[in-house]
Amino acid sequence: MQQAKAKPTRVIALMNQKGGVGKTTTTVNLGAALARAGRRTLIVDLDPQAHASLSLGIDPAELEHSVYDVLLDPTADAQSCITRRSDNLDVLPSQTDLAAAELELGNASDRQKRLEAALARLGGAYEFVLIDCPPSLGLLTLNGLAAAREVIVPMQAHYLALQGVGKLLETVGLVSKAVNPRLRVTGVVLCMHDTSSTHTREVVADLEGFFEQARAGDAPWKYSRVLRPAIRRNIKLAECPSFGQTIFEYAPGAPGAEDYAALATGLLRDWDALLARRESPIVEVPASIVTGMGEVAP
Ligand SMILES: Nc1ncnc2c1ncn2[C@@H]1O[C@H](COP(=O)(O)OP(=O)(O)OP(=O)(O)O)[C@@H](O)[C@H]1O
Ligand SMILES: [Mg+2]
């Protein structure tokens, strides 16, 4: 009889060097949606602003341990730095000390790989790990990209943001070559989206055209797509962090809850289909496809 294989972990970095585009809102509420769907989920707050931690009601000033400890001490017990938030949802929180980590890590030869090593020490405890990156391309973001298999880029559908995404993808390409050849861009999540604007629709069409063209090449965004649904602009999403609540706790009937739940459902549909193929004794699925959701089964 075939032995059931352990479920692999999807490690996804939410990354965009542009500030205020919806990285934290997406990490927190997509993570909450996955947890509500019964998937063990860890949110890693890699931003010294600690917005993801605060949004989940965790006060960084009261923490004994945080992601800072696992970055600075390669032998730190990662599990003891994690805070249980709610059913299926844990957080590796941030503190403002984290801003010093880039300097303190100095020239340590493994300085880009500390988070990856810490997540490896957790074993297969989580099905999803979502990493909220800061709005910069420093050592913290590099740790996020080195630890992840996938990148999801939250952005707004504006012309200038589109230009920025080209540069960002090039950066992911460089990081992929230098520190993490398995890194793939799963796609873009459109945040604060306004479907009624013609400009928005044009930008989305441009983005889809760009991804279509990339299918012929071998870039890490070869299989990227514009993930659906777009997240509509919804004031409830802006309000809930001040209550330390996810959108599902604060306003479960709001469009923001509907959109993030549907985004999670879409990701899970593809993921579960891949896992089912992996379990099947008659379908051989290459390892790269099983763990890199950016890659579509041929
Ligand atoms: N769909 C939305 N509708 C309305 N407001 C939103 C939406 N998504 C995010 N916001 C608000 O926009 C602001 C920026 O969002 P967020 O903090 O998620 O961006 P970020 O990319 O993480 O920012 P930073 O680069 O500073 O980390 C926040 O005040 C957030 O509450
Ligand atoms: Mg943020």
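Counting convention: from 1, in listed order, for ligands and their atoms alike.
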Student: Within the 4.0 Å heavy-atom shell around Asp47, which atoms of ligand 1 are there?
Tutor: 27 (O)

Student: With the threshold set at 4.0 Å, does a side-chain nitrogen-carboxylate oxygen contact exist between Glu208 and Arg228?
Tutor: yes

Student: Only one of Thr27, Ile131, Asp90 forms a side chain to side chain contact (heavy atoms under 4.5 Å, CB included) with Val44, so which one is it?
Tutor: Ile131

Student: Quick test of your reading of the structure: of Ala238, Ser55, Gly20, Cys240, whose heavy atom lies closest to atom 5 (N) of ligand 1?
Tutor: Ala238

Student: Regarding Arg114 and Asp110, does a basic nitrogen lie under 4.0 Å from an acidic carboxylate oxygen?
Tutor: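 Looking at Asp110 together with Arg114, the answer is yes, because their closest N to O distance falls below 4.0 Å.
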
Student: More than 12 foreign heavy atoms under 6.0 Å from CG of Asp87: is that the case here?
Tutor: no

Student: Give the numbers and elements of all ligand 1 atoms closer than 4.0 Å to a heavy atom of Leu237.
Tutor: 1 (N), 2 (C), 31 (O)

Student: Identify the protein heavy atom lying closest to atom 30 (C) of ligand 1, giving its residue, its atom name and the separation to 0.1 Å.
Tutor: Thr25 OG1, 3.7 Å

Student: May I ask you to identify, for Thr26, whether its side chain, its backbone, both or neither come under 4.0 Å of ligand 1 on a heavy-atom basis?
Tutor: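 Neither; no heavy atom under 4.0 Å.
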
Student: Within the 4.0 Å heavy-atom shell around Val21, which atoms of ligand 1 are there?
Tutor: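 Result: 19 (O), 20 (P), 21 (O).
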
Student: Could you name the option among Gln17, Gln156, Met192 that has the heavy atom nearest to atom 10 (N) of ligand 1?
Tutor: Met192

Student: Which residue holds the protein heavy atom closest to atom 4 (C) of ligand 1, what is that atom called, and what is the gap in Å?
Tutor: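 Residue, atom and distance for the closest contact: Asn234 O, 3.2 Å.
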
Student: Any idea which atoms of ligand 1 are less than 4.0 Å away from a heavy-atom of Gly19?
Tutor: 25 (O)

Student: Answer yes if Leu30 and Val28 sit in the same cluster of Ile, Leu, Val, Met, Phe, Trp and Tyr residues linked by side chain heavy atoms under 4.5 Å apart, and no otherwise.
Tutor: no

Student: Looking at atom 17 (O) of ligand 1, what's its closest protein heavy atom, distance included?
Tutor: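 Scanning the protein heavy atoms, the shortest distance from atom 17 (O) of ligand 1 goes to Thr24 CB, 4.0 Å.
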
Student: How about atom 14 (C) of ligand 1: does it have a protein heavy atom within less than 4.0 Å?
Tutor: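 True for atom 14 (C) of ligand 1.
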
Student: Does an N or O from His51, backbone or side chain, lie closer than 3.5 Å to an N or O of ligand 1?
Tutor: no

Student: Ignoring hydrogens and angles, state whether a donor on the side chain of Asp132 or Thr24 is under 3.5 Å from an acceptor on the partner side chain.
Tutor: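 Result is yes, a qualifying pair exists.
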
